[in-house]
Amino acid sequence: MKRVFSGVQPSGVLTIGNYLGAIRNFTKLQHEADCFFCVVDLHALTVPQDPAKLRENTLNTARLFIASGVDPSVATIFVQSHVPEHAYLSWLIECNTYFGELRRMTQFKDKSARHEVVTTGLFTYPALMAADILLYQTDEVPVGEDQRQHLELTRDVAIRMNNRFGQLFKVPEAYIPPKQAGGRIMSLQNPLEKMSKSSADPRSFIALLDPPDVIRKKIRSAVTDSGREIRYDPEEKPAISNLLVIYSLATGESIESLEERYAGAGYGKFKADLAEAVVAMLEPIQRRFAELSEPGVIEEILASGAERAEKIARETVARVQAAMGLAPRPQRVKAQS
Ligand code: TYM
């Protein structure tokens, strides 16, 4: 059976960008592959976090996986820091990754330009991400378009280490939806930037837990393009094109059919209907999320997820340790006095 791995940072409440770009595909893949879905809390630490908030966001991210339709009896859901092999393999990978490769990562360039203090963790972030994926001998990685470069680096490092040390890792493939299918959902306030949960302006994203009235207000205040025409044209009309993609994914109606239906209707009517479509898409997720908040429920799922994950992670680490020449830890032969 094919193996699938993906991770989501617990750095805030997930957005419809995370859902449409990645998590919806988790729910599809879980029926055809052995899936591992990880809340990557160590990645979140690359930028400042409030400790109490991080703990809460970590559990809520796992709850949102399940509320979105990931079935914990089929897929393995776990927290990255609960399996220390992630950080350990990351070091071994860092020692096989070039400074120049990490320096070229566009996400590092963007994030380091936005933060006053740039940690080395932010710089080596892609090595930890490679470790996440390679630990599980992953075939496929469902992610949004923004992760493509990190996936390519993961493949390069896996091939390099396999060539140098013998077969250690499967070389994974990215599973990225095209833009019209949610691969890159854009900000509601600036359609040239991707929608991001860490944005300072909450009007730029719709969080999966936003109440219906907040969703309506955010969509009403979403920027639009000049003119009145509702047409998919990402070059000329990036804002309306983004809203059309969201509408189409929320309802299953094709973009062409929406263009026809709203020909001459104006932005006001289109936005009002879009808001209702998004409210309806999120309603079952929000309902299930509330049920999962009972104490102990998510903890049990994460405990068994970490047990499953660590078995596979330990096998991979043992293989890499031996291949790279780390001496095995000796067992005591003499009894301790
Ligand atoms: P993160 O937490 O930023 O986002 C989680 C997933 O959501 C996708 N995504 C989007 N897709 C479409 N449109 C958007 N506006 C949008 N915003 C986010 C992301 O592409 C991602 O799939 N580095 C990763 C987390 C990670 C990971 C991994 C992923 C760590 N280790 C191993 C896969 C495999 C990240 O920051 O995702």
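All values reported here derive from a predicted model rather than from experimental measurement. All values below come from the heavy atoms of this structure, side chains included, with hydrogens, waters and symmetry mates left out. Order of listing sets the numbers, starting from 1, for every ligand and every atom in it.
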How about Val8 and Val39: do any of their side-chain heavy atoms sit closer than 4.5 Å?
no

Going by ring-ring contact (aromatic ring centres under 6.0 Å, His included), name the residues that satisfy it together with His86, two or more places apart in sequence or in a different chain.
Phe78, Tyr136

Who pairs with Ser81 by side-chain hydrogen bond (donor to acceptor under 3.5 Å, both in side chains), at least two apart in sequence or on another chain?
Asp41

Any protein N or O within less than 3.5 Å of an N or O in ligand 1? List each pair with its distance, or say none.
unit_1	atom_1	unit_2	atom_2	d
ligand 1	2 (O)	Gln9	N	2.8
ligand 1	2 (O)	Lys197	NZ	2.8
ligand 1	4 (O)	Asn18	ND2	3.2
ligand 1	7 (O)	Asn18	ND2	3.1
ligand 1	11 (N)	Gly17	O	3.2
ligand 1	13 (N)	Ile185	N	2.9
ligand 1	15 (N)	Ile185	O	2.7
ligand 1	15 (N)	Met195	O	2.9
ligand 1	20 (O)	Gly144	N	2.8
ligand 1	20 (O)	Asp146	OD1	2.4
ligand 1	22 (O)	Gly144	N	3.2
ligand 1	23 (N)	Tyr125	OH	2.7
ligand 1	23 (N)	Gln147	OE1	3.0
ligand 1	31 (N)	Asp132	OD2	2.6
ligand 1	36 (O)	Gln9	NE2	2.8
ligand 1	36 (O)	Tyr125	OH	2.7

Within one Ile-Leu-Val-Met-Phe-Trp-Tyr cluster: Leu92 and Tyr98, side-chain cutoff 4.5 Å:
no

Not counting sequence neighbours, list each pair that qualifies as a salt bridge (charged side-chain N to carboxylate O under 4.0 Å, His left out) and has a residue in residues 308-330.
Asp34-Arg308, Glu85-Arg314, Glu310-Arg314

Could you check whether the rings of Phe123 and Phe99 sit parallel, tilted or perpendicular, using 30° and 60° as the cut-offs?
tilted

